Amino acid sequence: MTALRGDTSSHQTIHPNALRTTKIFQNTSTLFGAHLLGRLGALVITIWLMPRYFPQNALGGYFVAISLTNLIASLTELGLQNPLIREMTLDLPRTRQFLGNALLVRGVLSLIAYAIMVVSGVQLGYASFIEMIVFLGLAEIANSIAQLYRCVFRAHEEMRYEALTVVAERGAFVLIGGGAILLGYELVFVCYVMLAASCINLSLSVAVTRYRFTPLRFQLNWQIISVLLRQALPFAVGNLFNLLYFRIDAILLSKLSPDGIEANMWYGSAYTLVNAFTILPGAFMMGAMFPVLSRAFEKAPDDFPKVYTFGVRWMLLSGIPFAVGLTTLSREITAALFPVETVDNIAIALQWLSGSGGLIFLTTVVLTVLRAADKRRAFSFLMATTALLNIGLNLFLIPRFSHVGAAIAMVLSEVYLLIVGFGYISKRLAKLTETGFILKALLLSVLMGVGLVLTRGSVSVWVLIPLAIGFYGGGLAVWGEFRTLKNLTLTR
């Protein structure tokens with residue numbers, strides 16, 4: 001507990017009816033719906049249009065540029081976002097002071113990160129697509145600044161405003177970028193459009209914060225900066241390893257794969273498809289549950305195991321069928337979406353990445369809990385060891401199995417993160433208050449998978465997907481899982 005907050009002593013009155021699970025699911029559904037629309041729109045560009053209008057080596061360069069700029073842009077975060085949300089959640093009247101000082105820090109870091117992006121692009125031998133790095137880098141900087149304003153929305157648990165900015169940004173990108181591709185513009189023009197969409201996101205975020213929450217004032221306060229940095233720096237190391245873990249594979253693939261830069265197109269396409277649906281754990285855990293977990297840990301520790309179990313329950317119930325369904329139908333989905341000459345290479349990567357995508361639902365719980373409980377050293381250690389394991393696996397597997405090796409490395413790394421992370425939480429923070437939902441998820445997912453195996457090839461994949469969702473959701477309803485939503489009342 002920091003000296004910057006108001007009185008939050010243990011003697012304060014907790015009102016158990018202040019926040020119910022409907023608020024969590026309202027925020028989750030709002031964020032998930034907006035991000036899903038945005039991701040689906042981006043999939044139309046990245047998966048449907050780009051492979052049909054641009055050569056595979058150009059798309060490989062595009063995926064490398066995205067990975068490089070996204071990785072280096074993590075330097076601008078410095079671990080600030082979660083401590084910022086946490087501090088504002090616990091002291092909402094000081095939102096303006098926290099936001100203003102966080103923006104000052106991020107502004108300096110953004111200049112440094114952008115310079116590193118450009119220099120790295122040249123030094124790594126990516127001169128042929130340096131222009132894409134330049135504009136995608138600026139887009140990353142604009143989005144990283146806008147992300148601080150989204151922290152205000154999350155701290156106040158008003159995710160509808162974040163949803164508005166997401167829809168505006170992605171909508172602009174899809175409409176203008178898609179039109180440009182159809183009109184025959186080069187791939188670099190799509191990067192220009194991405195920068196313009198990011199500027200729309202930033203402008204709208206600033207406007208909403210200004211008129212709905214607080215006017216901005218850049219009043220330097222070293223005490224606030226000190227509090228944020230003390231919490232952020234240990235997480236910054238972990239966040240950097242986190243981004244390294246998720247993005248270094250594309251860079252290593254471009255250098256080590258026997259298939260050359262085209263392997264980045266195959267891997268990047270499969271990764272983009274899986275990543276489109278892993279927004280659910282991000283919206284649920286990091287969006288809706290993070291402030292709730294933070295409050296429970298600080299102000300109502302007896303509730304913390306119950307809240308933790310609530311998060312695990314719904315991420316496991318969602319993640320297992322996702323992995324089973326996408327793995328089973330990976331070839332059918334790939335054949336329906338991609339040009340025929342790329343299907344074999346993308347489908348096998350998608351099959352492996354489907355498993356990692358399902359695991360991400362659960363590992364997101366681990367990372368969110370560690371951040372909410374302010375376990376900086378544990379978070380940094382876990383992400384550092386996971387990243388190092390992933391790099392080692394990539395160095396071994398990519399030269400032998402190309403993009404498939406990168407996908408296998410991702411699965412094995414997620415398994416390690418899951419086992420070690422949940423082991424730490426169970427030993428040091430909280431244990432699950434119940435486990436019966438695990439067996440239900442496994443049994444229903446196996447039955448669903450068997451049904452998909454028996455019917456794929458004879459029924460359209462676009463019919464099988466809703467049937468599988470209906471079967472699984474119906475099974476959860478029969479077993480009473482949805483009734484558990486009424487049984488959790490969280491404290492404010």
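Just so you know, these numbers use all the heavy atoms, side chains as well, and skip hydrogens, waters and symmetry mates. One-based numbering along the sequence shown. All of these numbers come straight from a predicted model, not from anything done at the bench.
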Test: R150 and E169 ion pair at under 4.0 Å: yes
State, to 0.1 Å, how close [X] and [Y] come at their nearest heavy-atom pair, and which atoms those are.
{"X": "A146", "Y": "N201", "value": "CB-ND2, 3.6 Å"}
{"X": "Y424", "Y": "A378", "value": "CZ-CB, 3.5 Å"}
{"X": "L293", "Y": "A372", "value": "CB-CB, 3.6 Å"}
{"X": "L452", "Y": "G325", "value": "CD1-CA, 3.9 Å"}
{"X": "Y267", "Y": "A407", "value": "CE1-N, 3.6 Å"}
{"X": "V274", "Y": "G357", "value": "CG1-CA, 3.7 Å"}

At what distance, to the nearest 0.5 angstrom, does [atom1] of [X] lie from [atom2] of [Y]?
{"X": "S203", "Y": "Y149", "atom1": "OG", "atom2": "OH", "result": "10.0 Å"}
{"X": "I145", "Y": "S110", "atom1": "CD1", "atom2": "OG", "result": "4.5 Å"}
{"X": "I141", "Y": "L111", "atom1": "CD1", "atom2": "CG", "result": "8.0 Å"}
{"X": "M194", "Y": "L138", "atom1": "CE", "atom2": "CG", "result": "12.5 Å"}
{"X": "S413", "Y": "N394", "atom1": "OG", "atom2": "CG", "result": "7.0 Å"}
{"X": "Q351", "Y": "L329", "atom1": "CD", "atom2": "CG", "result": "10.5 Å"}

Side-chain donor/acceptor of S330 to backbone N/O of T327, under 3.5 Å: yes
If only atom types and distance count, is the side chain of S426 paired as donor or acceptor with the main-chain N or O of G423 below 3.5 Å? no
Verdict with supporting geometry, T278 and T364, side-chain contact (heavy atoms from CB on, under 4.5 Å): CA-CA 10 Å; T278 56; T364 301; over 6 Å; no
Tell me, do [X] and [Y] make a side-chain contact under 4.5 Å, heavy atoms counted?
{"X": "V365", "Y": "Y308", "result": "yes"}
{"X": "I333", "Y": "L326", "result": "yes"}
{"X": "S318", "Y": "L280", "result": "yes"}
{"X": "F284", "Y": "M315", "result": "yes"}
{"X": "V366", "Y": "L382", "result": "yes"}
{"X": "L273", "Y": "T334", "result": "no"}

Aromatic rings F153 and Y161: how do their planes relate, parallel, tilted or perpendicular, breaks at 30° and 60°? tilted
Can you classify the ring geometry of F304 versus F297 as parallel (below 30°), tilted (30 to 60°) or perpendicular (above 60°)? perpendicular
Check step by step if side-chain contact (heavy atoms from CB on, under 4.5 Å) holds for L476 and L317. CA-CA 9 Å; L476 292 183; L317 290 174; 3.8 Å; yes
Between [X] and [Y], a side-chain donor and acceptor under 3.5 Å:
{"X": "T433", "Y": "T309", "answer": "yes"}
{"X": "D249", "Y": "N390", "answer": "no"}
{"X": "Y416", "Y": "T385", "answer": "yes"}
{"X": "S356", "Y": "E414", "answer": "no"}

Between K375 and R428, does the side-chain contact (heavy atoms from CB on, under 4.5 Å) criterion hold? Intermediate values first, please. CA-CA 10 Å; K375 297 301 179 183; R428 300 292 183 88; over 6 Å; no
Measuring centre to centre across the rings, with the benzene-like ring taken for any Trp, is Y271 within less than 6.0 Å of F63? no
Got a sec: does the CZ of R212 have more than 12 other heavy atoms crowding it under 6.0 Å? yes
Atom CZ of F471: over 12 foreign heavy atoms under 6.0 Å: yes
In this structure, which one of L429, V312, V307 forms a side chain to side chain contact (heavy atoms under 4.5 Å, CB included) with V369? L429
Name the atoms and distances for all side-chain donor-acceptor pairs under 3.5 Å in residues 435-449, with sequence neighbours left out.
unit_1: K440; atom_1: NZ; unit_2: E481; atom_2: OE2; d: 2.9
unit_1: S445; atom_1: OG; unit_2: A441; atom_2: O; d: 2.7

Test side-chain contact (heavy atoms from CB on, under 4.5 Å) on F173 and S198; report intermediate values, then the result. CA-CA 9 Å; F173 174 68; S198 298; over 6 Å; no
